[in-house]
Amino acid sequence: MKLKRLNFLVGLLSLLVLFLAGRIEAGTLPRVLVLATGGTIAGAANGNSDTGYSAGQLGIEEIIKSAPGIDSLPVSVKAEQVVNISSQDMNFEVWRKLAMRISQAVENEEADGFVITHGTDTMEETAFFLSQVLDIDNPVVFVGSMRPATQISADGPQNLLDAIKTASCIDSFGRGVMICFNGRILDARHAVKASCLEVTAFDSTIGGSIGFTDGHGVHYITPGGLHKHKTYKLDFTKITELPKTDVIYICADMDGGMIRDCVKRGAKGVVIAGVGDGNMPEDCLKACKEVSAQGVQVVRSSRVFQGYTHRDHEFKDADYGTYAAYDLNPAKARILLQLLLACKVSDPQKIQAAFNGDRHGVLYYIEK
Ligand code: DGL
């Protein structure tokens, strides 16, 4: 009996090897689609100083040509220029375009992995937005640079090579959206621009890198598939705009005036970049209670670079109508709140669960 089973397994294995060999023989290299949006990686010197430059000057074909080694990778690379802007001008319209193009390319089986070239200033926001609205296993890897293509020791070429390697690596499947920068691979949920100076510009707000790239390939430190633990599904195709949602940066001895004013100016959501664990002075808390009673959704995040904002930590959130952003920094909490408002999610349990949703195992509320 055992011999029979062994023969069956050996037969199955050899079929699998033949199939895979056939695919490689057929020249079906992993296919990576590069979607370019601009930023410093497309920047060129503007003569203002020895490091002065203008972002979004070079087209993606030129950028790919500037990265020796891409054409010798066992990867089939195609590129499309979506926009060519500085990322401080990034907007929902471009986010939507990227999400539609990636979804379409996956549906039509045009590509196995995706690289998005992007300015570093808001890269973490675009990456997080796509991590929330895309429901795919294909890797989406963001990349940029701190030095323009025309500067000595430009970091763009190596970063782009690393990103293409990451997007074409089988181990990258099921990891959602990532940022690949200076050899580090970071999860879109926790990646943050941590330096305006250094080429190691990106860091993680929690848990560090999930992997790294080097001359030997792509190496992951964490298991894949964590990003699938969402407690909600968002259909972005029905969203035509994101409701006005403001971030209020909290300091000592501040009153709640800015919270009240932003609501008077039409904000439907407010994100508090609080001190410590999302804390704020008394009058700010009072203002949160007032605007929450008017139907505005208020989420507490933190101005602190690393860590969590916990629900019911120093006070009961329900007493002020606030939610805890958990592991999202203010910029990302804003995007998730805008998506929930756009999808008319108003159930308090669903809103809080969404902020905890990707961190499986730590749910204040289990969605009914
Ligand atoms: N203008 C900034 C941007 O496009 C430059 C920063 C960069 O790309 O590194 O995000």
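A side chain to side chain contact (heavy atoms under 4.5 Å, CB included) with Phe181 is found for exactly one of Asp155, Thr200, Asp162, namely Asp155.
Within 6.0 Å of CD on Glu109 lie no more than 12 heavy atoms contributed by other residues, nucleotides or ligands.
In terms of modelled atom types and a separation under 3.5 Å, the side chain of Arg300 and the main chain of Gly278 share a donor-acceptor contact. For Ser87 (side chain) and Met123 (main-chain N/O), no donor-acceptor pair under 3.5 Å exists by modelled atom type. Under a 3.5 Å cut-off, the side chain of Thr245 and the backbone N or O of Pro243 do form a donor-acceptor pair. With Arg147 contributing its side chain and Ser153 its backbone, the two residues share a donor-acceptor pair below 3.5 Å. With hydrogens and angles disregarded, a donor-acceptor distance shorter than 3.5 Å links the side chain of Asp347 to the backbone of Gln349. Judged purely by atom type and a 3.5 angstrom limit, Arg184 has no side-chain atom pairing as donor or acceptor with the backbone of Gly211. Using a distance-only test at 3.5 Å, with no hydrogens or angles considered, a donor-acceptor pair links the side chain of Asn356 to the main chain of Gln352.
Aromatic ring centres of Tyr326 and Tyr308 lie closer together than 6.0 Å. A centroid separation of 6.0 Å or more is found between the aromatic rings of Tyr323 and Phe355.
Residue pairs meeting the salt bridge (Lys or Arg N to Asp or Glu O under 4.0 Å) criterion with at least one member in residues 71-81, sequence neighbours excluded: Glu80-Arg101. Residue pairs meeting the salt bridge (Lys or Arg N to Asp or Glu O under 4.0 Å) criterion with at least one member in residues 207-222, sequence neighbours excluded, do not occur. Each salt bridge (Lys or Arg N to Asp or Glu O under 4.0 Å) pair with one or both residues in residues 120-133, not counting sequence neighbours, appears once here: Asp121-Lys193.
A salt bridge does not link Lys332 with Asp327: none of the charged nitrogens is closer than 4.0 Å to a carboxylate oxygen. Ion pairing of Glu93 with Lys97 is present here, as a side-chain N (NZ or NE/NH1/NH2) and a carboxylate O approach within less than 4.0 Å. Comment: Asp283 engages Arg260 in a salt bridge, judged by a side-chain N to carboxylate O separation of less than 4.0 angstrom.
Looking only at atom types and distance, the side chain of Thr322 has a donor-acceptor partner in the side chain of Asp317 under 3.5 Å away. His190 and Thr205 form no side-chain donor-acceptor contact under 3.5 Å, judged by distance and modelled atom types alone. Inspection of the Arg96 and Thr237 side chains reveals no N or O donor paired with an N or O acceptor under 3.5 Å.
Using a 4.5 Å heavy-atom cutoff, the side chains of Asp112 and Phe173 are in contact. Taking the side chain as every heavy atom from C-beta outward, Val270 and Asp246 never approach each other to under 4.5 Å.
Under the 4.5 Å side-chain contact rule for hydrophobic residues, Leu130 and Leu328 share a cluster.
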Practice item. Start with the C-alpha gap between Lys289 and Leu285, add the side-chain angles, then the distance that decides, and say whether side chain to side chain contact (heavy atoms under 4.5 Å, CB included) holds. Key: CA-CA 6 Å; Lys289 185 166 185 163; Leu285 256 181; over 6 Å; no

